[in-house]
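So the structure is just underneath, and the comments pick up after that.
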Amino acid sequence: MLLSKYFFKTIKENPREAEFKSHILLLRGGYIKQVSAGIFSYMPIAVRALKKIEAIIREEMDAVDGFEVNLPVAMPASLWSETGRYEAVGDELLRFNDRVGRKMLLGMTHEEAVTDLARFCINSYKQLPVMVYQLQTKFRDEPRVRGGLIRVREFVMKDAYSFHTSNEDLDKYYNRVHTAYENIFRRSGLSAISVASDVGMMGGNAAHEFMAVAESGEDTLILCHTCGYKANREVAKAKRHSMSEEMKPREEIHTPSKETIGEVAAFLNVDERRMLKTVAFKDEDDNIILAMIRGDLEINEIKLKNYLKKKILNLATDEDLGKKSIVKGFIGPVGIDKSITIVVDESILNSNNLVAGANKKDYHIKNINYRRDFVSEYITDISLVKQGDKCPICGDRLSVTRGIEVGNIFKLGTKYSSSMKARFLDESGKEKDIIMGCYGIGVGRLLASVIEVQASEKSIVWPITIAPFEVELIGLFNDKNSEIERIANDLYKDLTDANISVLYDDRKASPGFKFNDAALIGSPIKVAIGQKSIDNGGVELFIKDSEAVICPIGETKEKILKAREDLFKELK
RNA sequence: CGGGAUGUGGCCUAGCCCGGUUCAAGGCGUCUGCCUUGGGAGCAGAAGAUCGGGGGUUCAAAUCCCUCCAUCCCGACCA
């Protein structure tokens, strides 16, 4: 490809609206053009990289016996009503009417469409297991977009759906996909780790997310470097040490205007770990829920929400509490209105003689003990894991890092097949719901993550497997110097004939201009040829971000072929 | 949806607080000509702007006020 003819434009200055490294470099390098918040046009250089990623994904999906399909972007609302999601999903589902006024939607995910296909095609256990996948545009009307391609409204996703006769078979297949995902990210040059994750609106039994570790990531990951425990903070657990001591008699004490854990602990001179913290929430029906946890810990709202199977859970306002005659700042388990749901964190069970509010202004109660002083039918782990907490598996210190979710895999179970009546006949002729799994990868997000994780502030070096052009040939000559131009042209032809994707910068532009554009184009192999390099004995070869190496012209093609092969080998 | 910020030729930025003789400016990019090729060259010329939109205040508005819109960041939300 001749750069002088290429549909392409670079920008010298950082665009005003971009803050993320990947966003800045993708805009400056002429990969993407923003059309609206979270909606982008992709230029040829980006499309080349995306197609390479898609090719890797297809190979790996085919290798786990997947069949590529194409499901619709626009669907009738009635299909989604079958699972109740037309009504259940919020405004991120874009709803509209067609010309006859029928309710429609833009697909943000495709469980309904694929289950509809499955119930049509699958009748017998003999057809299972089977997996279908697609690479297709999704639209999600996100309330907040972020970081260029990191979080967008319209994007291409690889989504795959598998169908099984049993949970055991799903488990087996799920592991195969897990491996396929590891292959995809490794081959794309992105180091991603899988963590246990929340199942969210997809429902189902188990899930993993594949995370690119990056400071700019929006997810918080909990990792144990000793035993390899890895989890999204949303579901992460920690070992909480016991704080038991001999039970003491309960005692009410005057704590004027001491409302926060810190204030009360200081006032009474007790450790915050001897405090019982109560946080009040409100659900979608305006019910008050009190979550109780040890004073030094925080509530993980997602765990709490999942445990209670609530759709909405917000912090209760002072007004909400007032309506139920709950005394803000002095809430406690003893003497509280019995009709209020109390969720008790496990940390309360192995601690005792705790201090909590007395449900009376300016009073707390000392030496509260679970069982003796109160009980609840809702006991679970609702604690938020912090840096330095103990690993639930090995007890060693946990560390916290940030990650970008580039893929996820879910065990769906029968959530969709049962509501949509996607069934099969088993060996004994009995009708059963098909057991499903689903597996997603955000293609554009993967591309952006590669930059986010490994690019410098000013330049991209693409992994060769996804590079828009494997080689960039930088011609440094003017028109009069036809000798050098002839050598460059010959080299370009040689490389192209060898089936290497080459971008040849043949533009009339200064060397600095070309080198800077090359830094944005990001070919992992760059060749510069000019009077200076010729005088030094040939061309200059740059592999990834290394210093220039002089290479005789006659050996250039072989050197590049070798370097190319080596780079591919690294990402096998 | 809450909090914060920003909208000035294709891109970046100054001017705004303190309205009027720098008031529509500078750089980049683009076009034409000359010249030039080792780290975003030089010279000369040219095109290109409803100062985000609307309303208001005023003799006078990019500048002050109201309102709407758009974009970004943080939070909420999220496969």
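Below, chains carry the letters A, B, ... as their sequence lines are ordered, and counting in each starts from 1.
Going from the C1' atom of B:rA61 to that of B:rC16 covers 10 Å, rounded to whole Å. Straight-line distance between the C1' atoms of B:rA24 and B:rG19: roughly 15 Å, to the nearest whole Å. Here, B:rA62 and B:rU50 have their C1' atoms 12 Å apart, quoted to the whole Å. Between the P atoms of B:rC77 and B:rG20, the separation comes to 48 Å (whole Å). Taking atom P on both nucleotides, B:rU13 is separated from B:rG55 by 29 Å, rounded to a whole Å. The separation of B:rG48 from B:rC31, taken at their P atoms, amounts to 16 Å, rounded to a whole angstrom. The same atom, C1', is picked in B:rC51 and in B:rG38; the two are 42 Å apart, to the nearest Å. On the C1' atoms, B:rA14 is 7 Å away from B:rA25, given to the nearest whole Å.
No hydrogens or angles considered: nothing links the side chains of A:Arg507 and A:Tyr6 as a donor-acceptor pair under 3.5 Å. A side-chain donor from one of A:Glu112 and A:Thr83 sits under 3.5 Å from a side-chain acceptor of the other. Side chains of A:Arg402 and A:Thr220: a donor on one and an acceptor on the other come within 3.5 Å. When only modelled atom types and interatomic distance are considered, A:Gln134 and A:Asp159 share a side-chain donor-acceptor pair under 3.5 Å. Inspection of the A:Tyr307 and A:Asp381 side chains reveals no N or O donor paired with an N or O acceptor under 3.5 Å.
Atom CD of A:Glu215 sits in a sparse spot, with 12 or fewer heavy atoms from other residues, nucleotides or ligands closer than 6.0 Å.
The distance between atom CZ of A:Phe7 and atom C1' of B:rG10, rounded to the nearest whole Å, is 13 Å. Separating the CG atom of A:Asp141 from the P atom of B:rC78 is a distance of 15 Å, rounded to the nearest angstrom. B:rU6 atom P lies 13 Å from atom CD of A:Glu19, rounded to whole Å. Between the CD1 atom of A:Ile302 and the P atom of B:rC77 there is a distance of 7 Å, rounded to whole Å.
No contact: A:Lys33 has no heavy atom under 4.0 Å from any strand. Note on A:Gly147: only backbone sugar-phosphate atoms sit closer than 4.0 angstrom, heavy atoms only; bases stay farther off.
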Give the dot-bracket string for RNA chain B, reading 5' to 3', where a pair is Watson-Crick or G-U wobble with both distances under 3.5 Å, ( ) marks pairs inside the strand, [ ] marks pairs crossing earlier ones, | marks a partner on another strand, and . marks unpaired. ((((((((.[[[[.)....(....]]]].(((((.......))))).....[[[[[..)....]]]]])))))))....
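Residue A:Arg144 places at least one side-chain N or O closer than 4.0 Å to OP1 or OP2 of B:rC74. Side-chain nitrogen and oxygen atoms of A:Gln34 include none within less than 4.0 Å of the OP1 or OP2 phosphate oxygen of B:rA70. Between A:Ser36 and B:rU71 there is a side-chain polar atom (N or O) within less than 4.0 angstrom of OP1 or OP2.
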Across nucleotides 38-45 of chain B, 5' to 3', mark each nucleotide with B, S or - according to how protein heavy atoms within less than 4.0 Å reach it. BBBS----
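Within 3.5 Å, no donor on the side chain of A:Arg16 pairs with an acceptor on the base of B:rG7, nor the reverse.
The ring-ring contact (aromatic ring centres under 6.0 Å, His included) with A:His178 is formed by just one residue from the set A:Tyr439, A:Phe210, A:Phe410, A:Phe185; it is A:Phe210.
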